[in-house]
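Each remark here refers to the structure printed beneath this line.
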Amino acid sequence: MEINEHNFDRLANYLQQTLNPDPEVRRPAERFIESIEVTKNYPIVCLHLVGRPQTDMTIRVAAAIAFKNFIKRNWGYHLDNDGPDRVAESDRAGVKIHLVNLMLDSPAPVQKQLSDAVSIIGKYDFPLKWPEMIDQMIEKFAQGNPQAINGVLQTAHSLFKRYRYEFKSQTLWEEIKFVLDKIAKPLTDLLQATMHQAKEAANDVKVLHIIYESLVLICKVFFSLNSQDLPEFFEDNMETWMKAFHEMLTSDVPSLKTGDDEDAGILEQLRSQICQNLCMYAQKYDEEFGPYMPQFVTAVWELLVNTGIQTKYDSLVSYALHFLSTVADRSHYRHLFEDPNVLASICEKVIIPNMDFRVSDEELFEDNPEEYIRRDIEGSDVETRRRAACDLVKTLSQNFEAKIIEIFGQYLQVLLARYAEDTTNNWKLKDSAIYLVTSMASKGQTQKHGVTQTSELVPLPQFTQQHILTELERADINQLPVLKADALKFIMTFRTILGPQIIVATMPLIAKHLTAGSVVVHTYAACAIDKILTMRGPDKKPIVTKELLAPLSAELISGLFAAFTVQGSNENEYIMKCVMRVLNTLQESSLSFMFVVLPRLTEILAVVAKNPSKPHFNHYLFETLALSVKLVCKADPNAVSSFEEALFPVFQGILQQDVLEFMPYVFQMLSLFLEIREGKSAIPETYLSLFPCLLAPALWDRPGNVTPLIRLLSAFVRQASSHISADGKLSGVLGVFQKMIASKNNDHEGFYLMQNLLLHYPAEELGQSMRQIFSLLFQRLSSSKTTKFVRSFIVFLCLYAARVGPQALIQMIESIQAQMFGMVLERVLVPDINKVSGELEQKIVTVGITKLLCECPEMVSDPYVNYWPQLLQNLVQIFELPPDESAIDGDNFIEIEDVPGYQAAYSQLNFAHSKPVDPLPDISNIRQYLVQNLGQLAQSQPGKVGTLVTALPAAHQEALQKYCAQSGVQIA
């Protein structure tokens, strides 16, 4: 791509089309940009367009986003995926030359995108490949341009915030030390200079706002730089920083206060970040921070007492409460809270006011239920007042249990009494009461089981009967919806503590709330049912069986699907998950409902496929479809054709429209259909016409497609090998195999495909390519050997020996290079057989090596006879010892799922999972198989086997004798 005006205008035109709401216009433009982004000069053209003042700002922002997405997808692709480098070296150099200065000179919307791009590049290249970047940034500190300084600080924040959560390592320490040596003093100087500027600009609100933006970012960078450990520089200069924090926390700046009650102003953001910093120091650097603790406890207390209930203060109040919780949890500061008067004051002035259900909460409940749910039951309400107030109650309850329950119990009685006086108007008081009880009672909980430990001083069963179930028993399910939601959440939270009897009894009450008009209420009902259906008793069996659920099943199914019709719940993930859970619990008892369920699911799929927007909902939708297919086809395998008839048109639309999010799911569903047909009916023409499309290289470039496509391709190999052969498509399949084997991430998928070819493809035709296949495997073994590859390679060699023959294996390897089989024995099989894990894999290895030992004359004569006892010793170790989990020398490969923060694009459908197929079904007892073959070899060569066996260590000989005795075999 040339860097010229024509290409600037052309790219701008396509970017304009990507903003079009019409998918017919938008998607082709998105595909075009994706297709050209790996061409040389593309990122430079993007940056030129971003910096073009005459271009419309919307397009400049779109170009900045496109550039950021290019960087995200391609800058580290070769490192993350073991693939080619998609960015030309000249483009890398050009980007680094222009990016920082362009970012600093850009308007705020563009600056934000480019700042993110800098931080992504920094993740891969900083500091080793881009050490000058930090010098470029620090230079701007001295120039005194607040806008540029904020750009630098924003970038520093984006770049360094990963220090907050990355695992400790030598590389990370070295990087942080490099950064601290460069930036710690300039940042401290900048803090002092900015504080001074703030005083000078006290009367200029516009300038003051920019200065306070700098202070917020300085505090954020401070948090990141101090997250791993307390740096020496900051410890030495703690007085400077703490004095500044205290001043910023306690100073009143009326000109920066806003009339907006919703969004936090710059003053609130600054104080919130300072409270975060104080929390970190109180938690991690208690000893060094100790002298400053009392003054900050006083400052934060006064801040809490004097801060209003408006939403804009929520983050500030929650971090301030969190700071108090942290201090109260430290044994040497508990004396600050022991006085009953102090505890009463905390309850009255801090906790109860911050547990109140405010008007803004009510508006969120009614107008944005999805956000309310996200904050309330997903645990993402970390920054809400209620969560922070609850955490403070829990901390105080753990340390002063009797006092807290006595004091808070009095408030609880008052709240409940006032609610009883006027239930219609005082319902918010009961809402606070329920929260207070939840906080006081909870001592320990898990995501899976809810609260598992409670205070003995809080009578939960009694409170549940008197105050929770009464709300659910009301005839009008739409009356007081917030209390309904509270009651359902209470049941969910304490489900383990309340016990099976109470929980099962509440099921009918919960089920009727599925038809509530409130999105929050029917969502909580669905969520509660889902969690109850996963509960297990002491015998590990579900507490709600299909027999117990059957009487409720009609009400549940109708209620759940009715909820989908309520505005705001059309794509409700909790409801879809509950549908899945109910069908799975009912199993065959659900078949009578399938005539209702399946058309609705298909209808929903057709709608969401046009614009997928809810990943969790989509996943549970496909899970539910897969489960329905399995349940129906278990009863009647021929019913698969009805599913194909209903779903194929939707699936074709997804594949033709290139709906990326759904393609891995479609491939899994097609695999499931084919696997149900396997051995029962011929493969339909619709599948055969699809097969050539599956070999298109573009499909295999998307990581999320690889696993489900390999599974689908393998299903074709098992059922349609004759068609693949007749159409001359084997070379395409082997091309996929070659691509998989070349990748450290996907080589195991290549071996799975090859296993299916070896077992099911016409041997004569495949045999013509087998030498080339072996050559590819040996090339990979010599160029980039990993433990995972070696394990898979050993299993493949043993399967080849088991199915084609041990002598055929030796001949094949020797045809590539003379005396190579000896090297394979010495360098691969003998040292690494015991790294193979998995029952099926170990079986294949045992059978393959047994055949080598017992059916191969070459193995009992020179030059291979020396390896015979070593291989037999390895087989005994497979039976007697756990697998060797150590990595082979030089293997630094990390499984991609083990990398923190990695999100796989492929989501495995649990209910579409394929069962592993035993390629050697005729052999059931592998120990018996080994000794029987050894016995036959011993008979054919008297004395030979006995002599070889004596070379084994005594323990191994003893184990072998035990197998012989069990199988009635003698090895002479």
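Just so we're clear, the structure is a prediction, and the values are computed from it rather than from any experiment.
- Proximity of Asp189 to Gln192: side-chain heavy atoms (C-beta onward) are separated by under 4.5 Å at one or more points.
- Under the rule for a salt bridge (charged side-chain N to carboxylate O under 4.0 Å, His left out), Lys123 has no partner lying at least two apart in sequence or in another chain.
- Listed by chain and residue number, nothing satisfies the salt bridge (charged side-chain N to carboxylate O under 4.0 Å, His left out) test with Glu213 (two or more places apart in sequence, or in another chain).
- The backbone N or O of Leu436 sits nowhere less than 3.5 Å from a side-chain atom of Tyr411 that would complete a donor-acceptor pair.
- Summarising the local packing, CG of Asn306 is surrounded by more than 12 heavy atoms from other residues, nucleotides or ligands at distances under 6.0 Å.
- In this structure, Glu287 has no side-chain hydrogen bond (donor to acceptor under 3.5 Å, both in side chains) partners at least two apart in sequence or on a different chain.
- Side-chain contact check for Glu288 versus Phe234: every heavy-atom pair is 4.5 Å or farther apart.
- Once rounded to the nearest 0.5 Å, the distance linking CG of Leu270 with CG of Leu316 reads 10.0 Å.
- Under 3.5 Å, the side chains of Ser214 and Thr194 contain no donor-acceptor pair of N or O atoms.
- By the 4.5 Å heavy-atom criterion applied to side chains, Thr258 and Ile266 are not counted as neighbours.
- Under 3.5 Å, the side chains of Asp229 and Trp173 contain no donor-acceptor pair of N or O atoms.
- Proximity of Met293 to Asp286: side-chain heavy atoms (C-beta onward) are separated by under 4.5 Å at one or more points.
- More than 12 heavy atoms of other shown residues, nucleotides or ligands fall within 6.0 angstrom of atom CD in Glu132.
- For CD1 of Ile309, the number of neighbouring non-hydrogen atoms (other residues, nucleotides, ligands) closer than 6.0 Å is 12 at most.
- Among residue pairs with one or both ends in residues 242-256, those qualifying as salt bridge (Lys or Arg N to Asp or Glu O under 4.0 Å) are Lys199-Glu247, Asp252-Lys257; sequence neighbours excluded.
- When side chains are defined from C-beta on, Leu191 counts as touching Leu215, because their heavy atoms get closer than 4.5 Å.
- Residues satisfying the salt bridge (charged side-chain N to carboxylate O under 4.0 Å, His left out) criterion with Asp361, sequence neighbours excluded, are Arg358.
- For Phe408, there are no ring-ring contact (aromatic ring centres under 6.0 Å, His included) partners at least two apart in sequence or on another chain.
- Ion pairing of Lys182 with Asp135 is present here, as a side-chain N (NZ or NE/NH1/NH2) and a carboxylate O approach within less than 4.0 Å.
- Two residues are said to be in side-chain contact when any heavy atoms from C-beta on lie closer than 4.5 Å; Met238 and Leu230 meet this criterion.
- Heavy atoms only, all atoms of each residue included: Ile149 and Leu190 are closest at CG2-CD2, 4.1 Å.
- For the salt bridge (charged side-chain N to carboxylate O under 4.0 Å, His left out) test, no residue two or more places apart in sequence or in another chain qualifies with Asp263.
- Between the side chains of Thr311 and Ser360, at least one donor N or O sits under 3.5 Å from an acceptor N or O.
- No side-chain heavy atom of Phe222 sits less than 4.5 Å from a side-chain heavy atom of Gln273.
- We find that Glu370 and Arg374 are not joined by a salt bridge, their nearest charged nitrogen and carboxylate oxygen being 4.0 Å or further apart.
- Other residues, nucleotides and ligands place more than 12 heavy atoms under 6.0 Å from the NZ atom of Lys284.
- Pairs passing the side chain to side chain donor-acceptor pair (under 3.5 Å) check and including a residue from residues 289-299, sequence neighbours excluded, read Glu239-Tyr292.
- Taking the centre of each ring, Phe494 and Phe490 come in below the 6.0 Å mark.
- Residues Trp75 and Arg92 have side chains in contact (heavy-atom distance under 4.5 Å, counting atoms from C-beta outward).
- Considering only residues two or more places apart in sequence or on other chains, Gln154 meets the side-chain hydrogen bond (donor to acceptor under 3.5 Å, both in side chains) condition with none of them.
- With respect to Glu406 and Lys403, no salt bridge is recorded, no charged nitrogen being found less than 4.0 Å from a carboxylate O.
- For the pair Ile351 and Ala389, the tightest heavy-atom approach, listed with the atom from each and the gap, is O-CB, 4.2 Å.
- Distance alone, capped at 3.5 Å, places no donor-acceptor pair between the Lys220 side chain and the Leu153 backbone.
- Residue pairs meeting the salt bridge (Lys or Arg N to Asp or Glu O under 4.0 Å) criterion with at least one member in residues 169-180, sequence neighbours excluded, are Arg162-Glu175, Lys177-Asp181.
- Applying the salt bridge (Lys or Arg N to Asp or Glu O under 4.0 Å) definition to pairs two or more places apart or across chains, those involving residues 97-114 are Lys112-Asp116.
- Considering only residues two or more places apart in sequence or on other chains, Tyr163 meets the ring-ring contact (aromatic ring centres under 6.0 Å, His included) condition with Phe160.
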